[in-house]
Amino acid sequence: MCSSTPRNSRTGRPRSTEADTAILEATRAALVDLGWSKLTMGDVAGRAGVAKTTLYRRWANKNELVVDAVAVLFDELELPDLGSLQADIEHVVLQFAALLERPETKTALMAVVAESTRDAPLRERIRASIVDRQKRLVLAGRRRAQQRGELPADRDPVAVDATDDLIFDVIAGAVVHRALVSAEPVDEAWVTRLSALLVGGLGAVAALGP
């Protein structure tokens, strides 16, 4: 699975984790303050207290930098074992909704998604650094549900992959639309209904067989 860690193909002095963290934090802050169109690599460098050349050694352009600044936020999402598939889904959806309430997440995510509609390489970077990386939660949840006996064992790898993609699309699409497009609350009552719908749907998909 692809990592959101900034690329580092050059040799020389070791990378500074502290500098990377400062740069990504500065990027998110600049997006909130300035918006996508006014954000520059120079502004980020100044806020982070590093030389602009330091940024360009790590990221080729603003697009790469902003995607990585968003990607590390989504790495905060976790899937604890709460005893049932529905409870696990409810927990991660509420985490996701809380993350989207943060100004830096909301602004950064909306900016890169909007820009990616006319930038194919940016769209691919979003897929690799955010979408594919966060599908780990779907994989972990499905395996755990199988161990509990809530879902049948895998039989057709192709069908399983398609189902995992669908689960991710449904959760991410529903939460992002409600929180950022409709501006409706993602509260516990709504999350319970969404999770019940997903669990029931997974049972129906499993019954279809390979």
Side-chain angles (χ1 to χ4, degrees), residues 2-6 17-41 43-50 55 58-59 62-80 82 87-117 122-123 125-138 140-141 167-195 198:
C2 296
S3 170
S4 62
T5 304
T17 302
E18 292 80 8
D20 285 349
T21 299
I23 290 167
L24 296 177
E25 289 177 351
T27 302
R28 294 189 294 270
L31 272 170
V32 172
D33 293 344
L34 304 174
W36 176 277
S37 62
K38 295 182 179 179
L39 176 70
T40 67
M41 298 288 269
D43 182 81
V44 172
R47 290 170 182 254
V50 300
L55 265 68
R58 292 159 163 77
W59 295 275
K62 180 173 77 173
N63 290 357
E64 291 186 3
L65 174 60
V66 173
V67 171
D68 285 349
V70 178
V72 297
L73 294 176
F74 288 99
D75 284 342
E76 297 176 14
L77 297 175
E78 298 177 347
L79 187 70
L82 298 179
D88 291 352
I89 292 173
E90 289 175 3
H91 182 88
V92 77
V93 169
L94 287 170
Q95 281 187 85
F96 183 30
L99 186 60
L100 291 180
E101 288 180 358
R102 291 161 53 177
E104 65 271 27
T105 311
K106 183 185 305 184
T107 304
L109 182 62
M110 293 292 276
V112 296
V113 170
E115 189 67 18
S116 72
T117 61
L122 176 59
R123 194 157 54 245
R125 190 172 182 88
I126 291 171
R127 179 187 298 277
S129 298
I130 300 176
V131 176
D132 289 347
R133 187 173 181 85
Q134 295 312 317
K135 282 181 182 175
R136 64 187 170 85
L137 299 170
V138 175
I167 294 168
F168 183 89
D169 291 344
V170 169
I171 293 175
V175 177
V176 169
H177 185 276
R178 187 168 178 85
L180 302 185
V181 179
S182 300
E184 296 287 344
V186 183
D187 53 23
E188 291 188 7
W190 184 85
V191 170
T192 297
R193 292 195 296 273
L194 174 65
S195 302
L198 281 167

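This one's a predicted model, so the numbers in the text were calculated from it and none came from an experiment.
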Looking at Leu31, Val67, Leu100, Val66, which one forms a side chain to side chain contact (heavy atoms under 4.5 Å, CB included) with Leu109?
-> Leu100
In a check of side chain to side chain contact (heavy atoms under 4.5 Å, CB included) between Ser195 and each of Val191, Leu198, Thr192, which one passes?
-> Val191
Are any side-chain N or O atoms of Arg28 and backbone N or O atoms of Ala69, one a donor and one an acceptor, separated by less than 3.5 Å?
->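 It does hold such a pair.
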Closest contact, heavy atoms only, [X] versus [Y]:
{"X": "Ser37", "Y": "Lys62", "value": "O-NZ, 4.3 Å"}
{"X": "Val186", "Y": "Ala179", "value": "CG2-CB, 4.1 Å"}
{"X": "Pro185", "Y": "Arg178", "value": "O-NE, 2.7 Å"}
{"X": "Ala19", "Y": "Arg58", "value": "CB-NH2, 4.1 Å"}
{"X": "Ala22", "Y": "Ala48", "value": "O-CB, 3.8 Å"}
{"X": "Ala111", "Y": "Trp36", "value": "CB-CE3, 3.7 Å"}

Say you draw a straight line from [atom1] of [X] to [atom2] of [Y]; how long is it, rounded to the nearest 0.5 Å?
{"X": "Thr27", "Y": "Arg47", "atom1": "OG1", "atom2": "CZ", "value": "9.5 Å"}
{"X": "Trp59", "Y": "Asp68", "atom1": "CH2", "atom2": "CG", "value": "6.5 Å"}
{"X": "Glu78", "Y": "Gln95", "atom1": "CD", "atom2": "CD", "value": "6.0 Å"}
{"X": "Ile130", "Y": "Asp75", "atom1": "CD1", "atom2": "CG", "value": "9.5 Å"}
{"X": "Leu34", "Y": "Leu39", "atom1": "CG", "atom2": "CG", "value": "6.5 Å"}
{"X": "Ile89", "Y": "Ile167", "atom1": "CD1", "atom2": "CD1", "value": "7.0 Å"}

Under 4.5 Å between any side-chain heavy atoms of Val131 and Phe74, yes or no?
-> no
Verdict with supporting geometry, Leu65 and Leu24, side chain to side chain contact (heavy atoms under 4.5 Å, CB included) | CA-CA 7 Å; Leu65 174 60; Leu24 296 177; 4.1 Å; yes
Test log, rule side chain to side chain contact (heavy atoms under 4.5 Å, CB included), inputs Asp132 and Phe168 | CA-CA 10 Å; Asp132 289 347; Phe168 183 89; over 6 Å; no
If you measure from the Lys or Arg side-chain nitrogens to the Asp or Glu carboxylate oxygens, is any gap between Asp33 and Lys38 under 4.0 Å?
->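 Looking at Lys38 together with Asp33, the answer is no, because their closest N to O distance does not fall below 4.0 Å.
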Qualifying salt bridge (charged side-chain N to carboxylate O under 4.0 Å, His left out) pairs, either residue in residues 102-117, two or more places apart = Glu76-Arg102, Arg102-Glu104, Glu115-Arg118
